Amino acid sequence: MSQNAIITLTDVNKTYPGIVPLHVLKGINLEISRGELVSIMGASGSGKSTLLNILGILDNYDSGDYVLNGTLIKNLSENRAAELRNRLIGFVFQSFNLISYKNAIENVALPLFYQGVSRKKRNMLAMEQLDRMGLADRAHHLPGELSGGQKQRVAIARSLITKPSIILADEPTGALDSQTSKEVMQVFRDLNSDAGMTIIIVTHDPGVGAKTNRIIRISDGLILPDENV
Ligand code: ADP
Ligand code: MG
């Protein structure tokens, strides 16, 4: 394991139980270094979201090892899993997952509410993140009053508010037009180069993959060897 690894998976397997159990991850070996900007690409059903959910400690795996930031993620209590997740990881989703009846600043501040931060402090910090995303003037707008790209930037601001080490994004441009996708990818690129954030983006869009610094290809539950490009 290299010293700079923030994520190391060794022979990780995952089967969804059922009448016909589905072996989705079939021995994943993967290392991601601190400060990398990578994409995970593969066909629909290849296991991308399953892998991302395991990386984000949202789901368990059956065998193998997952080491995150030096901690073996295995048999953790719910509390310990939540504590690590809240401290280390920010999530961005295709469908933004904003609360429709809360305005932009309230959505961004929400993770701090759950941490017991005072209203004054969380609004100040949320405003900082919105400003960083170029959305200070949209702070009091509801999601329904924002464009797709603005909504995703609000969601990115929310993912950053807890100062995570890693951003995990599942198809973050999947609901956006191509010009807006480019703008959102530029936001991720800036966060990676300016703030050194580790960013992992699941996508099926080759244009999005091309904007990352490494493409990890997954096919039928296995990581394909790196191409020499
Ligand atoms: P991708 O994100 O690459 O499209 P997923 O990881 O979502 O793929 O899914 C991989 C396979 O696992 C698919 O066949 C999907 O139907 C199945 N699957 C995903 N989630 C579950 C679940 N909670 N229970 C059972 N099967 C699932
Ligand atoms: Mg998926």
Side-chain angles (χ1 to χ4, degrees), residues 6-7 32 34-35 37 49 51-60 66 68-71 73 76-176 184-185 187-188 190-192 194-202:
I6 191 161
I7 282 174
I32 295 173
R34 219 169 276 283
L37 169 62
S49 293
L51 176 59
L52 206 72
N53 288 341
I54 290 170
L55 295 181
I57 332 180
L58 293 168
D59 201 359
N60 295 312
Y66 170 27
L68 169 62
N69 202 39
T71 302
I73 306 299
L76 300 182
S77 68
E78 282 294 328
N79 282 342
R80 175 78 173 134
E83 187 262 318
L84 284 170
R85 190 164 55 229
N86 295 340
R87 182 155 55 81
L88 293 174
I89 297 171
F91 293 94
V92 177
F93 304 94
Q94 173 171 357
S95 50
F96 322 121
N97 292 14
L98 299 175
I99 295 178
S100 61
Y101 55 85
K102 289 189 183 291
N103 66 27
I105 195 167
E106 290 166 336
N107 268 284
V108 174
L110 200 58
L112 297 180
F113 171 80
Y114 293 114
Q115 289 185 359
V117 175
S118 75
R119 173 190 289 268
K120 193 173 167 196
K121 179 137 191 237
R122 53 179 203 263
N123 282 345
M124 190 194 78
L125 293 169
M127 198 62 200
E128 267 177 35
Q129 292 301 337
L130 279 175
D131 193 27
R132 186 178 183 188
M133 291 296 130
L135 288 172
D137 61 338
R138 292 291 179 277
H140 299 284
H141 289 241
L142 294 171
E145 300 165 344
L146 301 172
S147 70
Q150 289 171 337
K151 278 187 252 200
Q152 197 56 302
R153 281 186 285 146
V154 171
I156 294 170
R158 179 187 55 190
S159 79
L160 294 170
I161 192 103
T162 52
K163 307 232 178 294
S165 305
I166 305 175
I167 300 282
L168 299 179
D170 197 349
E171 304 272 10
T173 63
L176 306 176
V184 165
M185 282 312 294
V187 170
F188 284 127
D190 292 345
L191 286 171
N192 174 253
D194 302 346
M197 299 244 11
T198 306
I199 303 179
I200 303 172
I201 300 172
V202 163

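Since we're looking at a predicted model, the values are computed, not measured.
- When all heavy atoms of P111 and T162 are compared, the pair lying nearest together is CB-CG2, 3.8 Å.
- In this structure, CD in E83 is found 9.0 Å from OG in S77, a value given to the nearest 0.5 Å.
- A donor-acceptor pair under 3.5 Å links the side-chain atoms of R158 to the main chain of N97, judged by distance alone.
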Kindly list each side-chain donor-acceptor pair under 3.5 angstrom involving residues 126-141, sequence neighbours excluded, with atom names and distances?
from : atom 1 : to   : atom 2 : distance (Å)
Q129 : OE1    : R132 : NH1    : 3.1

Quiz item: Stepwise, does the side chain to side chain contact (heavy atoms under 4.5 Å, CB included) test hold for L160 with I167?
Solution: CA-CA 8 Å; L160 294 170; I167 300 282; 3.8 Å; yes

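- Here CG of L37 is found 6.0 Å from CE of M185. Values are rounded to the nearest 0.5 Å.
- What you find for F188 and I156 is that their closest heavy atoms are CZ-CD1, 3.8 Å.
- A distance-only check finds a donor-acceptor pair linking the side chain of Q152 to the backbone of F93 [under 3.5 Å].
- The distance from the CG atom of L168 to the OG atom of S49 is 11.5 Å, given to the nearest 0.5 Å.
- N192 places a side-chain N or O within 3.5 Å of a backbone atom of M197 that can act as its donor or acceptor partner.
- The heavy-atom pair separating S159 from P164 by the smallest distance is O-CG, 3.2 Å.
- The closest side-chain heavy-atom distance from K121 to L112 is not below 4.5 Å.
- Side-chain N or O atoms of T173 include none that pairs as donor or acceptor with a backbone N or O of L176 at under 3.5 Å.
- Atoms CG and CG, from L76 and L84 in turn, are 6.5 Å apart once rounded to the nearest 0.5 Å.
- In this structure, I32 and I166 have side chains that are not in contact, with every pair of non-hydrogen atoms separated by 4.5 Å or more.
- Side-chain contact between P172 and I201 is present, with at least one heavy-atom pair separated by less than 4.5 Å.
- Judged by distance alone, with hydrogens and angles left aside, the side-chain atoms of R122 form no donor-acceptor pair with the main-chain N or O of A109 at under 3.5 Å.
- Between K151 and L146, the shortest heavy-atom contact is CE-O, 3.4 Å.
- Contact annotation: the side chain of L125 approaches that of I161 to within less than 4.5 Å [non-hydrogen atoms, C-beta and beyond].
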Quiz item: Do F91 and L52 pass the side chain to side chain contact (heavy atoms under 4.5 Å, CB included) test, and can you show the C-alpha distance, the side-chain angles, and the key distance before you say yes or no?
Solution: CA-CA 10 Å; F91 293 94; L52 206 72; 6.0 Å; no

Quiz prompt | Intermediate values then yes/no, side chain to side chain contact (heavy atoms under 4.5 Å, CB included), I7 and I200 | solution = CA-CA 11 Å; I7 282 174; I200 303 172; 3.6 Å; yes

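- Here the side chains of R34 and N69 are in contact, with some heavy-atom distance below 4.5 Å.
- The nearest pair of heavy atoms linking N107 to P143 is ND2-CG, 3.9 Å.
- Side-chain contact between L88 and I6: absent, with no pair of heavy atoms (C-beta onward) separated by less than 4.5 Å.
- Put simply, the side chain of E106 does not reach to within 4.5 Å of the side chain of I99, judged on heavy atoms.
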Quiz prompt | Audit row: V202, L51, side chain to side chain contact (heavy atoms under 4.5 Å, CB included) steps and yes/no | solution = CA-CA 10 Å; V202 163; L51 176 59; over 6 Å; no

